[in-house]
Engineer: 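Encoded as C-alpha cells, here's the structure I'll be asking about.
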Protein chains: 2
Amino acid sequence: MRSYDAVDLSLLTALAEDPRATIAALAERLRLSRNTVHARLTRLEESGAFLAFDRRINPAALGHPLTAFLEVTVRQRELPAIVDRLAEIPEVVQAYGHSGAADLRVHVVCRDTDHLFRIDAAILAIDGVERTETSLSMGELIPYRIQPLIEAARRNL
Amino acid sequence: MRSYDAVDLSLLTALAEDPRATIAALAERLRLSRNTVHARLTRLEESGAFLAFDRRINPAALGHPLTAFLEVTVRQRELPAIVDRLAEIPEVVQAYGHSGAADLRVHVVCRDTDHLFRIDAAILAIDGVERTETSLSMGELIPYRIQPLIEAARRNL
DNA sequence: GGCTGGCTGAGCACTCTGCTCAACGTGTGG
DNA sequence: CCACACGTTGAGCAGAGTGCTCAGCCAGCC
C-alpha cells in the first residue's frame, strides 16, 4: 500500500468535515484543480482508503442504542461454522479473531439489556460455543476519531 | 428518536451501496421524487442517522494495519484525567466506558507489534492507570455491517 | 535532452441542485 | 363530512457541478 502525501491527507480531512462535499468544493477549499481532486479521490477509493458506508450508520438510530462486546470461547475446529452462524444474527455487527484468552471478540448492538440477554443466549446456543464473557459499553468516552492519526501522518511527511 | 420507515431504510441501503450517489440518482433508483429524497436525507442527517466520516477512513491505509483492544483498569476517581491523556495518543481511535472487570476498553491501531508495545507502555505510564490487558485482533471475521439490522427493521415495519 | 507522470486551466455537453410552487393524497380531529 | 396539516409530486428556473478531453507546464528520472 503506497503511502499518502499531503494532498491525500488534506482530502481525507476535508471529507471528514463534509462527507458530501462536491469535487468543486473540495478543489476550492484545498486550492487544487478539479481534475486533481477527481483523480486523487479515485485513487484513494481504489487504494482502499475508505471502509464501508455501513460504519457511518448509527445503530441507535435504528433502535439499537446499546453496544456490547462478547469474548467468545469456542471449539476451535468449529470456528468457521460458528462464524457463519454468528453472521446470521443481525445484531452482530462485527467479529474479530482474537489473540487473548478467548477466541472471538463479537461486537453486538441491541435495544436494551433484555435484548442483549437474548442475543447472548442465541450465541451460547451455537454448537461449538463454550462460553461467552459479555461486557456492556457504558458510553463512548473517546468517540471514534482518525484525525489525530492523519495529523501525525502529516507531521511525519 | 423517531423510528424509520421504508423510505428511510431504503435510503440507508442505497447510500451503503454508493456513498457518493447524487440526490437525483437516489431518486431514480428508489423511484421517488428529488424533493422527497432531499427532504428525507436532511431529516436523516438531522436525526443523527449518520456517524462521523472518520469511521470510513481505513487506518491500514494510513500505515496502521493492526488493531488491538486494551482493557484498562484505573483508579476511578482519576478517570476523566486519564481519558484526557488517552485522547492525546493519536493511535487511540476510540475508548468506551466498560461494565466488566476493567474500567475502560480502548481501541488502538498500530503499525506493528513493536508499535503496539510502545503504545501499551505509553498508556501504562499514564498516572492512575493500574493495569492493561491487551489483545491483538487477528482479523475481521465478520466485517462491520449494519445491513442485516436494516433488513430486520424493514421486516418489522 | 528526452521521457514520464502529475497538475493545471480551458472548454463543452450534460447532469445536478436548491428552491419555489401548485396540486394531490392521506390521516386526523371536530 | 369537512377542514386542516403533512408529505409527496412534477414542473420550472437559475446556477452549480461533473466527466472528459486537450494542450501546456513542471519536476524527476534515466
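Values reported hereafter were calculated over all heavy atoms of this structure, with side chains retained and with hydrogens, waters and symmetry mates removed.
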Engineer: For Leu41(A) and dC7(C), what is the distance between atoms CG and P respectively, to the nearest whole Å?
Structural biologist: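 Taking atom P of dC7(C) as the reference, CG of Leu41(A) is at 12 Å.
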
Engineer: Please give, in whole Å, the distance from dC7(C) P to Arg31(A) CZ?
Structural biologist: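 Rounded to the whole Å, the gap is 18 Å.
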
Engineer: Per the atom types in the model, does the base of dG19(D) pair as donor or acceptor with the side chain of Asn35(A) at under 3.5 Å?
Structural biologist: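 Counting by modelled atom types and ignoring angles, no donor-acceptor contact under 3.5 Å is found here.
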
Engineer: Just how far is it from atom CG of Asp103(A) to atom CZ of Arg75(A), taken to the nearest 0.5 Å?
Structural biologist: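 It is 11.5 Å, given to the nearest 0.5 Å.
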
Engineer: With hydrogens left out and only the distance checked, is there a donor-acceptor pair under 3.5 Å joining Arg20(B)'s side chain and the base of dG17(D)?
Structural biologist: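 Side chain to base: no pair present.
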
Engineer: When you look at CD of Glu151(B), are more than 12 heavy atoms from neighbouring residues, nucleotides or ligands closer to it than 6.0 Å?
Structural biologist: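 Enclosed: over 12 neighbouring heavy atoms sit under 6.0 Å from CD of Glu151(B).
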
Engineer: Any N or O donor-acceptor pair under 3.5 Å from the base of dG18(C) to the side chain of Arg34(B)?
Structural biologist: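 Side chain to base: pair present.
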
Engineer: Donor-acceptor pair, distance only, cut-off 3.5 Å: does the side chain of Arg43(B) make one with the backbone of Asp8(B)?
Structural biologist: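 It does not hold such a pair.
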
Engineer: Round to a whole Å and report the spacing from CG of Leu11(B) to P of dG7(D).
Structural biologist: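 It is 15 Å, rounded to the nearest whole Å.
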
Engineer: Can you measure Arg43(B) atom CZ to dT8(D) atom C1' for me and round it to whole angstrom units?
Structural biologist: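 In whole Å, dT8(D) C1' lies 11 Å from Arg43(B) CZ.
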
Engineer: Quick one: is dC7(C) close enough that its OP1 or OP2 comes under 4.0 Å of any side-chain N or O from Arg40(A)?
Structural biologist: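 Yes, because at least one side-chain N or O of Arg40(A) sits under 4.0 Å from OP1 or OP2 of dC7(C).
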
Engineer: Which nucleotide wins on minimum distance to the side chain of Ile23(A), given the candidates dG10(D), dT17(C), dG19(D)?
Structural biologist: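 Selected nucleotide: dG19(D).
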
Engineer: Just how far, in rounded Å, is C1' of dT8(C) from CG of Leu30(A)?
Structural biologist: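 Roughly 15 Å, once rounded to whole Å.
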
Engineer: Could you please name the option among dT18(D), dT8(D), dG19(D) that lies closest to any side-chain atom of His38(A)?
Structural biologist: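 Nearest to the side-chain atoms of His38(A), counting from C-beta on, is dG19(D).
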
Engineer: Glu28(B) CD to dT15(C) P: how many Å, rounded?
Structural biologist: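 Interatomic distance, CD of Glu28(B) to P of dT15(C): 11 Å.
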
Engineer: Is it the case that the side chains of Ser135(B) and Tyr96(A) hold a donor-acceptor pair, with the cut-off being a distance below 3.5 Å and no angle test?
Structural biologist: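 No, no side-chain donor-acceptor contact under 3.5 Å.
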
